[in-house]
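By convention in this document, chain letters (A, B, ...) are assigned in the order of the sequence lines, proteins followed by strands, and residues within each chain are numbered from 1.
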Amino acid sequence: MDERYEPAAVERAAQRHWADHRSFAAREPAPGAAASGGGDKFYCLSMFPYPSGRLHMGHVRNYTIGDALTRFMRMQGRNVMQPMGWDAFGLPAENAAMANGVAPAKWTRDNIAYMKKQLQALGFALDWEREFATCDPSYYRWNQWLFLRMREKGIAYKRTGVVNWDPVDQTVLANEQVIDGRGWRTGALVEKREIPMYYLNITAYADELLGALKGLDGWPERVRTMQANWIGRSEGAEVAFPLADDARDALAAAAATGAGGDAAGAAPALKVFTTRVDTLFGVTFMAVAAEHPLALAAGARDPALQAFIDECRRGSTMEADIATMEKKGRRTGLHVLHPFTGQPVEVWVANYVLMGYGEGAVMGVPAHDERDFEFAQQNGIDIRPVVHPEGGVDVWPWAKGPWQPSYGEHGLTVDSGEFSGLGFQAAVDAITTALEARGLGRKRVQFRLRDWGISRQRYWGCPIPLVHCPKCGEVAVPDAQLPVVLPEDLVPDGSGNPLGKHKPFLEVACPTCGGPARRETDTMDTFVDSSWYFLRFACPDNDRAMVDERVRYWLPVDQYIGGIEHAILHLLYARFWTKVMRDLGLVGIDEPFANLFTQGMVLNHIYSHQPAEGRRSYFNPADVDVVEDGGAKRYIATRADGSTLEVRYDGLGTMSKSKNNGVDPQSLVEKYGADTARLFMMFAAPPEQTLEWSDEGVQGSFRFLRRLWKAVHEHVSAGPAPVLGREVAREALDAPQKTLRRTAHQTLAKVADDIGRRRTFNTAVAAVMELLNAVSRFEDRSPAGRAVVQEALEIAVIALSPMVPHISHALWQELGHADAIVDLRWPEADPSALVQDAITLVVQVNGKLRSQIAVAADADEATVRAAALADETVRRFVGDDTPKKVIVVPRKLVNVVV
RNA sequence: GCCGGGAUGGCGGAACUGGUAGACGCGCCGGACUCAAAAUCCGGUUCUGGCGACAGAGUGUGGGUUCGAUUCCCUCUCCCGGCACCA
């Protein structure tokens, strides 16, 4: 055995062993053997990466967690599958293409090749025989195939949606490409624009997606809460306010000139949804979106209002922007009629009401809604209280002063005609019933969740399989002609989708009539690709069907691992997609992921610089020096050419390509080896917690592995140790030998619990470090002593092997084992090694720690109590007082209260 | 703005079910080895007072419940994730 730990050689040898033995190729049972999920299978899946170019520390964290679990579960005797693939479509490839003139396909595939090497160098127990990328036509053809099935069922449907529009580049922008309301390349003010898009009817599944969260007890509570809030079920009422004559005339006039849009004149009433129909008599205004037909009709007659509508169209579509912008409104001069009193209520255009969210209109009740209150105060609108908060003050302070939370509380209705004097629920019921009788409303459940728009006006994605024919209209591509293959040699230039200018793709014969037709150029949202990839890993080679019987064996995923940033969108879409496939008879499961582990983000500092013209650029923290300058800090970045530049500090954020703040694990792997990189990542923080990156402690992890190597080396170079239980009787050990043995077995049990139940790899590693410290202090070289050390070192190596598999592979052999540790069954801790005769209890006086006493492990309460009161220090603090109370917590402490 | 999470020594973190706050590691200080350095090994390291035994304070802020609170409840501050076209 080498005296020195040489990670490169150790890792090469271990990886060769796994490759030669196909150690991680998952095997299905013989056909027909198991209909659904045989008891011993374990499908361990980490979220597949976007091939951004290089791995970053977030990847190392994600995949090391999954790998440690995979290896641990293998050692528990489970048939484990841990596959890997590539989420290969998406925006960064187009950005790279624009920057470097390389086709997205080439850039993506080069990145995949490089990152695959990195993953392999890290020694992950992946079944590479199942690898695929979502940009492979053999994968995305099934996106297209299922899209067509959904379209047939009406789950996929077409309507207009709002997008960010860059008026200079004449292109749709992703939210990420909108910075402070401006296009990132052009700096032009972004506009909202309505375009036709395909949507998936996820709201039809809202009730099930919400209800099934209760059954997902293998999911973190925080994720379930976030999803429930996102779906946002609320019970309320739909109320129709009939149009007054002025509104009706305006709509009719607009319809005549075509200014009012499609819906103009069609609606006899303005519909809204409210959860507070009990406040209906407090309505003093209505607010509609700028794109609402009433707003457009009024704008056609009022240039000032039209200017305001145009202003509302500027800015991004992002909810965070809309929620934080200044609330503005303008009156239309048009009115609707209160459904009960018939009084006219003026309609306002408000920038915070969005078309496409519900009805594009809300009723304004300033007395009982905070946002309406502020809007009314700002615009001089009446505030009419109609609910008297129960147990609230007897005065009506609404007219002046700021909003009080009590204004929004439930209470008894007042000034509400025949509905006065009712409690919340009674008022809601009575008013809803009366509305229904008049045909002006009904009870309704509303979800916050909106349907999923999947059309993207972008090149590097899965083509939507449709053809537009001048004769036949929109025609689906027949299944036999799938996949619609994306040409891979185009280079986008920022001026829209290059597919729209590429004739070989664009020009097609209509599948129905054979005449000349135009192919659809929109591609699918990349969330589509990631909504079912976990199914495909079970059957990546099937070129005749999307899924097959192997999916029934492997699914659901037993452990899914990924970043908390996916808590809502990806995980919700994947759940939805699975339910759709179930309803189409393709899979037999209701939920895709039985257990979910959400790792915390790995953060790093962000530095950027905004040139006078063009895009803001980001600098990697590794290239930035922090300089103290008279109390203030300055940040100086060094460019590749050696020149320097003062940059701005933008705080901490997730490691990402776009912020250029990733840390490439490659340098760590080269310097210390994969095991050190893996170990440090697991040791640095509990995996569910956010981690601010710093490689300060890496050295310590390497030192630990070297100490372990040295300890094994010293032990084995003294020759074979006697075997405990055969050459040395366990009962014959002396006290220090028993203590080391107990530490070893406690460690074994703790590590199994930390990995298997708690998933706290950091404390598992710490426990093994303590064990090695105990071994180092143990100097007994007698045969019995060496037998105990042999066992303790074996336990240390086994316990670490899920985290640091390479060094464990080597050390296991050095400890005299012919079989590879990767195939070892995880041993149980020996209960007889764990027994302890005497234990130490803590004694408190008035809750403050004062002393410690040693008692027999099985001492009864009276004995413990007497021992505590007899303790000298305790008597000093208790003095002559008689204890009021003595609390004894078995095996833990005694608290004397005086 | 809304939803979810977090805050513990100089630093990363431990304390799992309300019961010894600071395990383990980093850093730092001292020592051994060495001509010297690196590496390694040994000891110390929450803060304040004390030579010391020891005492007091202490888990972002302010309050509460309890014999006992890092842990439970309320308030506030700051940080992180998500907010539907980054993935």
Side-chain angles (χ1 to χ4, degrees), chain A residues 47 49-50 52 87 89-92 95 161 163-164 172-178 220-223 225-230 232 317-325 327 352 371 448-458 525-527 530 563-570 572-573 598 600-601 603 651-654 656-659 680 683-686 688-692 694 696-701 703-704 706-707 710 753-754 757-758 760 762-763 765-770 773 776 840-849 852 884-887 889 892-898:
Chain A
M47 290 180 185
Y50 178 79
S52 57
D87 189 13
F89 277 134
L91 201 53
N95 294 337
V163 295
N164 304 307
V172 175
L173 296 178
N175 282 340
E176 194 190 47
Q177 297 171 316
V178 179
E221 197 57 48
R222 57 172 167 166
V223 176
T225 305
M226 280 190 262
Q227 290 217 348
N229 291 340
W230 182 263
T317 60
M318 280 180 268
E319 192 189 295
D321 288 349
I322 291 156
T324 49
M325 74 188 173
K327 311 284 178 288
Y352 62 86
R371 191 174 61 182
R448 209 188 74 94
L449 179 69
R450 307 196 300 262
D451 277 345
W452 172 15
I454 59 157
S455 298
R456 296 290 179 271
Q457 298 67 47
R458 263 188 271 287
D525 180 5
T526 56
F527 274 122
S530 56
I564 184 66
E565 78 272 24
H566 294 295
I568 295 174
L569 291 180
H570 161 60
L572 193 65
Y573 291 147
T598 45
M601 302 284 82
L603 309 180
L652 282 166
T654 312
S656 73
K657 182 100 182 163
S658 60
K659 295 287 190 315
F680 177 64
F683 180 61
E688 266 181 300
Q689 213 166 87
T690 302
L691 171 66
E692 284 176 32
S694 151
E696 295 250 307
V698 178
Q699 185 79 34
S701 292
R703 227 164 6 217
F704 169 69
R706 204 161 48 186
R707 276 184 62 213
K710 221 178 94 183
D753 187 54
D754 282 354
R757 178 182 63 91
R758 298 209 307 156
T760 52
N762 55 325
T763 54
V765 172
V768 183
M769 286 176 170
E770 285 186 75
N773 289 344
S776 306
T840 304
L841 295 191
V842 161
V843 187
Q844 299 177 333
V845 178
N846 287 338
K848 275 184 187 297
L849 173 67
Q852 301 194 338
K884 274 189 210 144
K885 210 195 231 181
V886 178
I887 292 149
V889 182
K892 286 229 168 90
L893 61 65
V894 182
N895 188 12
V896 182
V897 185
V898 291

[N] [atom2] sits how many Å from [X] [atom1], rounded?
X         : N      : atom1 : atom2 : value
Arg448(A) : C3(B)  : CZ    : P     : 10 Å
Lys848(A) : A57(B) : NZ    : C1'   : 8 Å
Arg222(A) : G6(B)  : CZ    : C1'   : 9 Å
Glu696(A) : G9(B)  : CD    : P     : 17 Å
Glu770(A) : G13(B) : CD    : P     : 18 Å
Trp452(A) : A84(B) : CH2   : C1'   : 11 Å

Roughly how many Å apart are [M] and [N], using the [atom1] atom of each and rounding to a whole number?
N      : M      : atom1 : answer
U65(B) : C73(B) : C1'   : 7 Å
G64(B) : U70(B) : P     : 15 Å
C16(B) : C72(B) : P     : 11 Å

Could you pick out which residue, Pro92(A) or Thr760(A), lies toward the 5' side of RNA chain B when each is mapped onto its nearest nucleotide?
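This one resolves to Thr760(A).
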Using heavy-atom distances to pick each residue's nearest nucleotide on RNA chain B, tell me which of Phe89(A) and Thr840(A) is more 5'.
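Going by which nucleotide is closer to the 5' end, it is Thr840(A).
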Report yes if a side-chain nitrogen or oxygen of Asn229(A) is closer than 4.0 Å to either non-bridging phosphate oxygen (OP1 or OP2) of G4(B); otherwise report no.
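It does, given that an N or O in the side chain of Asn229(A) lies less than 4.0 Å from OP1 or OP2 of G4(B).
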Judged by modelled atom types alone, do Thr317(A) and Asn164(A) share a side-chain donor-acceptor pair under 3.5 Å?
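Their side chains do contain a donor-acceptor pair, which is all the 3.5 Å distance test asks for.
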If you look at every heavy atom in Gln227(A) and Ile568(A), which pair is closest and at what distance?
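Nearest pair, atom of Gln227(A) first, then Ile568(A): NE2-O, 3.7 Å.
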For nucleotides 29-31 of chain B, tabulate all protein N/O to nucleotide N/O atom pairs closer than 3.5 Å, reporting atom names and distance.
none

Protein heavy-atom contacts under 4.0 Å, written 5' to 3' over nucleotides 60-72 of chain B as B (base), S (sugar-phosphate only) or - (none), form the string -------B-----
I'd like to know if Lys657(A) pairs up with Glu176(A) as an ion pair, taking the criterion as any Lys NZ or Arg NE/NH1/NH2 lying under 4.0 Å from an Asp or Glu carboxylate oxygen.
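Answer for the salt bridge query: no.
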Intra- and inter-strand pairing of RNA chain B, written as dot-bracket with Watson-Crick and G-U pairs under 3.5 Å and | for the latter, reads (((((((..(((......[....)))((((((.......))))))((((....))))..(.(((..]....))).))))))))....
What pairs of nitrogen or oxygen atoms, one from the protein and one from nucleotides 37-43 of chain B, lie under 3.5 Å apart?
from: A39(B); atom 1: O3'; to: Arg706(A); atom 2: NH2; distance (Å): 3.1
from: U40(B); atom 1: OP1; to: Arg706(A); atom 2: NH2; distance (Å): 2.6

With sequence neighbours left out, write down each residue that passes salt bridge (charged side-chain N to carboxylate O under 4.0 Å, His left out) with Glu692(A), or none if nothing qualifies.
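Salt bridge (charged side-chain N to carboxylate O under 4.0 Å, His left out) list for Glu692(A), sorted by chain: empty.
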Got a sec, which residues hit salt bridge (charged side-chain N to carboxylate O under 4.0 Å, His left out) with Arg703(A), two or more places apart in sequence or on another chain?
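Arg703(A) satisfies salt bridge (charged side-chain N to carboxylate O under 4.0 Å, His left out) with no other residue.
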Checking understanding here: a glycosidic angle within 90° of 0 is syn, the rest anti, so what is G9(B)?
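This nucleotide is in syn.
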